Student: 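Sending over a structure as structure tokens; questions will come in a sec.
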Amino acid sequence: MTDTVDAVVVGAGVVGLAIARALALAGQEVIILEAADAFGTETSARNSEVIHAGIYYPQDSLKARHCVAGRRALYRFCAEHGVTAKRCGKLIVATDEQEAATLVRIAAAARVNGLTGEDDSLRPLTADEAHALEPEIACTAALFSPATGIVDSHGFMLALLGDAEAGGAMIAYHSRLESAAVTPEGLHLQVATEDGGMELLARRVVNSAGLSAPAVARRIAGVPEAAVPQPYLAKGNYFGLSGRPPFRHLIYPVPVPGGLGTHATIDLGGRVRFGPDVEWVEELDYRVDPARAESFYAAIRRYWPALPDGALQPDYSGIRPKITPPGAAAADFVIQGPEGHGVPGLVNLFGIESPGLTSSLSIADEVVERLGLGRA
């Protein structure tokens with residue numbers, strides 16, 4: 001027997017949950033398919049939990065637009081739902097004159113992206129002013145971002161799922177989309193489950209499978225191969241700091257190719273960790289090689305010279321769902337509707353890496369609009 005449903009969301013990461021919530025709020029009957037045994041077990045659970053301000057991204061890109069709008073929505077959502085979020089602010093620090101010139105370009109890009117208000121505009125700092133905020137920092141200049149923060153990502157996802165379920169959505173764990181075919185009534189889905197399998201007929205399907213999104217798209221009949229990007233895996237390793245936390249704010253160096261540099265983040269308990277770095281890998285492997293600490297010490301000591309020997313301990317890692325290879329410019333988010341692949345009622349999401357967590361509520365609004373349902 002085939003069950004009919006308004007919408008199916010493939011993937012219960014933070015973006016998938018935000019989309020399921022938005023669809024439920026739009027009056028849709030929603031089923032969330034998640035291959036794992038819990039929500040948010042991959043990229044959504046293995047990141048810095050940073051609420052990004054929207055500083056670095058190219059003008060008019062999806063990343064820029066959704067980061068800024070999503071950040072504002074995220075702070076509101078957390079306040080309304082009792083999810084812990086803290087505007088701790090961050091310093092972007094330059095350690096030489098060349099990097100100081102980069103700060104000027106970063107500040108200009110932030111203004112173009114809409115960071116112009118009192119609560120989110122970047123403030124240039126001299127070395128003395130940066131040192132007054134963070135006495136252990138060594139820099140030639142800095143930018144202060146008051147809008148950057150940290151969030152309880154698990155609590156956020158739990159609240160998203162709660163809203164979705166309150167709107168009638170259901171989540172099915174251990175459920176893997178095996179195939180989908182286009183019919184006059186919608187997409188006919190074959191789903192593998194612990195009990196053998198199920199069939200669903202969905203008027204709308206959203207592929208928000210994160211690392212697996214390209215593979216899921218290839219299981220949907222009618223999606224041309226040319227419409228599915230080649231996936232690449234960029235592993236980010238984190239090292240925790242033993243001893244007294246030296247910072248009250250997040251500390252970021254100027255960006256590096258493939259990421260934002262080996263930065264210092266603070267969790268909601270005040271614990272400091274460093275990362276992520278960029279390690280291109282061929283398969284999912286979340287082990288952190290202790291030997292990578294050597295490069296961490298060198299990178300961190302550019303802005304924190306007093307980092308003691310032996311203070312870094314392997315912590316955890318995450319893997320970014322890249323859609324461009326090593327050495328290529330970072331890709332924008334891809335939100336691909338029928339105009340991009342030709343399958344009615346289907347939206348594919350590719351390359352939803354950082355700032356995906358920050359952007360999730362705004363991305364969800366766009367997906368709902370792309371599906372012809374207006375804004376949630």
Side-chain angles (χ1 to χ4, degrees), residues 5-20 22-23 30-36 39-44 62-63 66 171-172 174-183 185-193 197-234 282-284 319-325 328 330-353 356 359-360 363-364 366-372:
V5 65
D6 292 327
V8 167
V9 177
V10 182
V14 65
V15 175
L17 293 173
I19 292 167
L23 287 168
V30 183
I31 292 179
I32 310 163
L33 301 179
E34 173 51 55
F39 62 80
T41 60
E42 289 188 335
T43 308
S44 297
L62 291 178
K63 285 184 176 180
H66 286 306
I171 188 165
H174 298 290
S175 298
R176 180 182 184 273
L177 179 64
E178 291 290 298
S179 65
V182 179
T183 75
E185 294 78 28
L187 284 158
H188 185 261
L189 311 181
Q190 298 282 349
V191 182
T193 68
M198 63 177 171
E199 298 183 18
L200 297 171
L201 181 64
R203 297 178 181 89
R204 299 173 176 90
V205 172
V206 180
N207 170 13
S208 184
L211 293 168
S212 301
V216 168
R218 290 188 174 94
R219 299 178 202 142
I220 301 172
V223 175
E225 181 65 27
V228 183
Q230 174 67 34
Y232 300 91
L233 303 180
E282 296 296 327
E283 59 186 22
L284 299 186
I319 296 181
R320 309 170 181 94
K322 296 279 190 180
I323 53 174
T324 51
D332 198 5
F333 292 154
V334 175
I335 303 176
Q336 184 190 73
E339 74 287 347
H341 51 62
V343 177
L346 172 68
V347 173
N348 288 316
L349 303 180
F350 300 123
I352 310 297
E353 53 169 329
S359 304
S360 56
I363 291 173
E366 177 163 338
V367 169
V368 168
E369 287 187 273
R370 294 271 193 116
L371 291 171

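These numbers come from a predicted model, not from an experiment. Side chains are part of it too, since the values below use all heavy atoms of this structure and drop only hydrogens, waters and symmetry mates.
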Student: Please name all residues satisfying side-chain contact (heavy atoms from CB on, under 4.5 Å) with Gln336, sequence neighbours left out, ordered by chain then number.
Tutor: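 Gln336: side-chain contact (heavy atoms from CB on, under 4.5 Å) contacts with Ala227, Val334, His341, Asn348, Phe350.
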
Student: How close do Ser359 and Phe333 get, heavy atom to heavy atom, and via which atoms?
Tutor: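 Where Ser359 meets Phe333 most closely, the heavy atoms are OG-CE1, 3.8 Å.
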
Student: Can you list everything that forms a side-chain contact (heavy atoms from CB on, under 4.5 Å) with Arg370? Sequence neighbours excluded, please.
Tutor: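 For Arg370 the side-chain contact (heavy atoms from CB on, under 4.5 Å) partners, ignoring immediate neighbours, are Ile335, Glu339, Val347, Glu366.
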
Student: For Gly186, does its backbone N or O pair with a side-chain atom of Thr183 as donor and acceptor, under 3.5 Å?
Tutor: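 Checking the backbone N and O of Gly186 against the side chain of Thr183, a donor-acceptor pair under 3.5 Å is found.
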
Student: Are Leu23 and Val9 close enough, and set up right, to give a side chain to side chain contact (heavy atoms under 4.5 Å, CB included), and what steps lead you there?
Tutor: CA-CA 9 Å; Leu23 287 168; Val9 177; 3.8 Å; yes

Student: Restricting to non-hydrogen atoms, name the atom on Ser208 and the atom on Val15 that form the minimum distance, rounded to 0.1 Å.
Tutor: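 Answer, listing the atom of Ser208 first, then Val15: OG-CG1, 3.7 Å.
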
Student: Distance check, rounded to the nearest 0.5 Å: Glu34 atom CD versus Leu177 atom CG?
Tutor: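 Those atoms lie 12.0 Å apart.
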
Student: So do Val205 and Leu189 actually touch side chain to side chain, heavy atoms under 4.5 Å?
Tutor: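 A side-chain contact exists here, since the closest heavy-atom pair is under 4.5 Å.
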
Student: Tell me every residue that passes side chain to side chain donor-acceptor pair (under 3.5 Å) with His188, counting only those two or more places apart in sequence or in another chain.
Tutor: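 Side chain to side chain donor-acceptor pair (under 3.5 Å) check on His188 returns Glu199.
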
Student: Report the distance from atom OG of Ser179 to atom CD of Gln190, rounding to the nearest 0.5 Å.
Tutor: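 Going from OG on Ser179 over to CD on Gln190, the span is 5.0 Å.
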
Student: Check whether any side-chain heavy atom of Thr193 lies under 4.5 Å from a side-chain heavy atom of His174, and answer yes or no.
Tutor: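 No - every pair of side-chain heavy atoms lies 4.5 Å or more apart.
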
Student: What distance separates Met198 CE from Leu33 CG, expressed to the nearest 0.5 Å?
Tutor: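 With rounding to 0.5 Å, CE (Met198) is 5.0 Å from CG (Leu33).
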
Student: Test Tyr232 against every option in Arg320, Lys322, Glu282 by the side chain to side chain contact (heavy atoms under 4.5 Å, CB included) rule and name the one that passes.
Tutor: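 That would be Lys322.
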
Student: Compare every heavy atom of Gly11 with every heavy atom of Ile32, then report the nearest pair and how far apart it is.
Tutor: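 Minimum heavy-atom separation between Ile32 and Gly11: CG2-O, 4.1 Å.
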
Student: Is there side-chain contact between Ile319 and Leu211, with at least one heavy-atom pair below 4.5 Å?
Tutor: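 Yes, side chains in contact.
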
Student: Would you indicate whether the side-chain heavy atoms of Arg218 and Glu225 approach each other to under 4.5 Å?
Tutor: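 Glu225 reaches Arg218 side chain to side chain.
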
Student: On a heavy-atom basis, which atom in Gly222 and which in Pro224 lie closest, and how many Å separate them?
Tutor: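 Nearest heavy atoms, Gly222 then Pro224: O-CD, 3.2 Å.
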
Student: Measure across Val191 and Ser175 and return the closest heavy-atom pair with its distance rounded to 0.1 Å.
Tutor: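 Closest approach of Val191 to Ser175: CG1-CB, 3.8 Å.
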
Student: Any chance you could measure Leu346, atom CG, to Asn207, atom CG, to the nearest 0.5 Å?
Tutor: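 Between Leu346 CG and Asn207 CG, I get 7.0 Å after rounding to 0.5 Å.
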
Student: Tell me, do Val367 and Leu349 make a side-chain contact under 4.5 Å, heavy atoms counted?
Tutor: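 Side-chain contact under 4.5 Å: yes.
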
Student: From Leu17 CG over to Ser360 OG, what is the distance, rounded to the nearest 0.5 angstrom?
Tutor: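 Output value for this atom pair is 9.0 Å.
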
Student: Side chain to side chain contact (heavy atoms under 4.5 Å, CB included) between Leu187 and Val343: does it pass, once the steps are laid out?
Tutor: CA-CA 9 Å; Leu187 284 158; Val343 177; 3.9 Å; yes

Student: Under a 4.0 Å N-O cut-off, is there an ion pair linking Asp332 with Lys63?
Tutor: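 Not counted as a salt bridge, because no side-chain N and carboxylate O are separated by less than 4.0 Å.
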
Student: Are Val368 and Ile19 side-chain neighbours, meaning at least one heavy-atom pair lies under 4.5 Å?
Tutor: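 Val368 does not reach Ile19 side chain to side chain.
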
Student: Tell me the closest heavy-atom pair linking Pro344 and Pro338, and the distance in Å.
Tutor: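 Taking every non-hydrogen atom into account, CA-CG, 4.2 Å.
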
Student: List the steps, then state whether side chain to side chain contact (heavy atoms under 4.5 Å, CB included) holds for Ile352 with Ile363.
Tutor: CA-CA 10 Å; Ile352 310 297; Ile363 291 173; 4.1 Å; yes

